[in-house]
Amino acid sequence: MIDLARPVAQVAPRLLNAVLRNGDVAVRLTEVEAYDGGNDPASHAYRGLTQRNAIMFGPPGFLYVYFSYGVHWAANVVCGPDGQSAAVLLRAGEVIDGIELARSRRLSARKDRDLARGPGRLTQALGLTGEHRGADLFGDGPVSLTLATRPARGVAQGPRVGVSVAADRPWRFWLDGDPSVSPYRRSPRAPVPERS
DNA sequence: TCGCTGATCATCT
DNA sequence: GATGATCAGCGAA
């Protein structure tokens, strides 16, 4: 178990192997990404409190959901103490329960490993949408998070996917070799990284 | 397998 | 009025 109020770069890798459930479908997290609120130009909370990101400024343990590219939903676990706006984007996982329901929601998935392989796919497999914004992950609702009791083994880390700024903070964490981890795609808007 | 592109709209400037 | 924490489908290799 880990205290979600701790620094987000420490919390994020500890969410690997945690289980996110919504009703009958459950996913074991295999890939996450940390966003450090006001200290992080890539964070939705970097420019301060807005209607969309308000939930991030509250206490940890709640779900921040946003609509991406006019097409997909993406889910985050709010982290950091109350008043700070850190969050961890849930990028991918393996469906471990309710797989038939997950398949029915993800008809384009060729293989089961693709059911929740990516942020938009993960929310679709779980049936998470804007109505779940602000859900208490440790309350009585259908959405819940079960933290792993011990740190995951085989954790890799590297630059973040899809962001055009601060992409090279190594805050994407994944279980190395797990087939449900999404392919790395650098944002076409991100500057070319330093090479040695 | 890789790279490109259209879809589509809430949110913020 | 522009943008984006993405995905699926397509054609090329």
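Below, read A as the first sequence line, B as the second, and so on, with proteins coming before strands; counting in each chain starts at 1.
Of the possible donor and acceptor atoms, none in the side chain of A:Q157 sits under 3.5 Å from a partner among the backbone N and O of A:W174. For the pair A:D136 (side chain) and A:F138 (backbone), a donor-acceptor distance under 3.5 Å is present.
Look at CG on A:N76: it is 14 Å from C1' on C:dT6, rounded to the nearest Å. In this structure, the CG atom of A:L89 is 7 Å from the P atom of C:dT6, given to the nearest Å. Put simply, CD on A:Q124 is 15 Å from P on C:dT6, counting in whole angstrom units. Summarising the geometry, the separation between CZ on A:R185 and C1' on C:dG4 is reported as 15 Å, rounded to the nearest angstrom. Between the OH atom of A:Y66 and the C1' atom of C:dT3 there is a distance of 13 Å, given to the nearest Å.
A:R169 comes within 4.0 angstrom of nothing in the nucleic acid, heavy atoms only. A:T50 comes within 4.0 angstrom of sugar-phosphate atoms only, judged by non-hydrogen atoms across all strands, and of no base. Residue A:R160 is classed as having no contact, given no heavy-atom separation below 4.0 Å to the nucleic acid.
Using a 4.0 Å cut-off between a side-chain N of Lys or Arg and a carboxylate O of Asp or Glu, A:R186 and A:D168 qualify as a salt bridge. Ionic pairing of A:R28 and A:D178 is present here: one or more N-O contacts between side-chain nitrogen and carboxylate oxygen are shorter than 4.0 angstrom.
Near DNA chain C, meaning a heavy atom under 4.0 Å away, the residues from residues 27-46 of chain A are A:Y35, A:A42, A:H44.
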Practice item. State the dot-bracket string of DNA chain C. Criteria: Watson-Crick or G-U wobble, both atom distances under 3.5 angstrom; notation: ( ) intrastrand, [ ] crossing earlier pairs, | interstrand, . unpaired. Key: ||||.|||||||.
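When distances run from any side-chain atom of A:Y64 to the nucleotides C:dA5, C:dA8, C:dG4, the shortest one goes to C:dA5.
Residue A:S68 has no polar side-chain atom (N or O) positioned under 4.0 Å from OP1 or OP2 of C:dA5. Using a 4.0 Å cut-off, some side-chain N or O of A:R106 falls inside it from OP1 or OP2 of C:dA8. Residue A:R91 places no side-chain N or O under 4.0 Å from the OP1 or OP2 atom of C:dA5. Contact annotation: A:R117 side-chain N/O to C:dC7 OP1/OP2 distance is not under 4.0 Å.
Counting only heavy atoms from C-beta outward, the side chains of A:R91 and A:R172 approach each other to under 4.5 Å. Two residues are said to be in side-chain contact when any heavy atoms from C-beta on lie closer than 4.5 Å; A:S85 and A:Y46 fail this criterion. Residues A:E33 and A:V161 form a side-chain contact, since some pair of their non-hydrogen atoms from C-beta on lies under 4.5 Å apart.
For CZ of A:R103, the number of neighbouring non-hydrogen atoms (other residues, nucleotides, ligands) closer than 6.0 Å is greater than 12. At most 12 non-hydrogen atoms from other residues, nucleotides or ligands lie less than 6.0 angstrom from CZ of A:R6.
In this structure, A:F67 and A:W73 have tilted ring planes: the angle between them lies in the 30° to 60° band.
Once you apply a 4.0 Å limit to the heavy atoms of chain A, the touched nucleotides of DNA chain B run 5' to 3' over B:dA7 to B:dT13.
Side-chain contact of A:T30 with A:S180: a donor-acceptor pair under 3.5 Å is present, judged by distance alone.
A:R160 forms a cation-pi arrangement with A:Y35, by the criterion of a distance under 6.0 Å to the ring centre and an angle within 45° of the ring axis.
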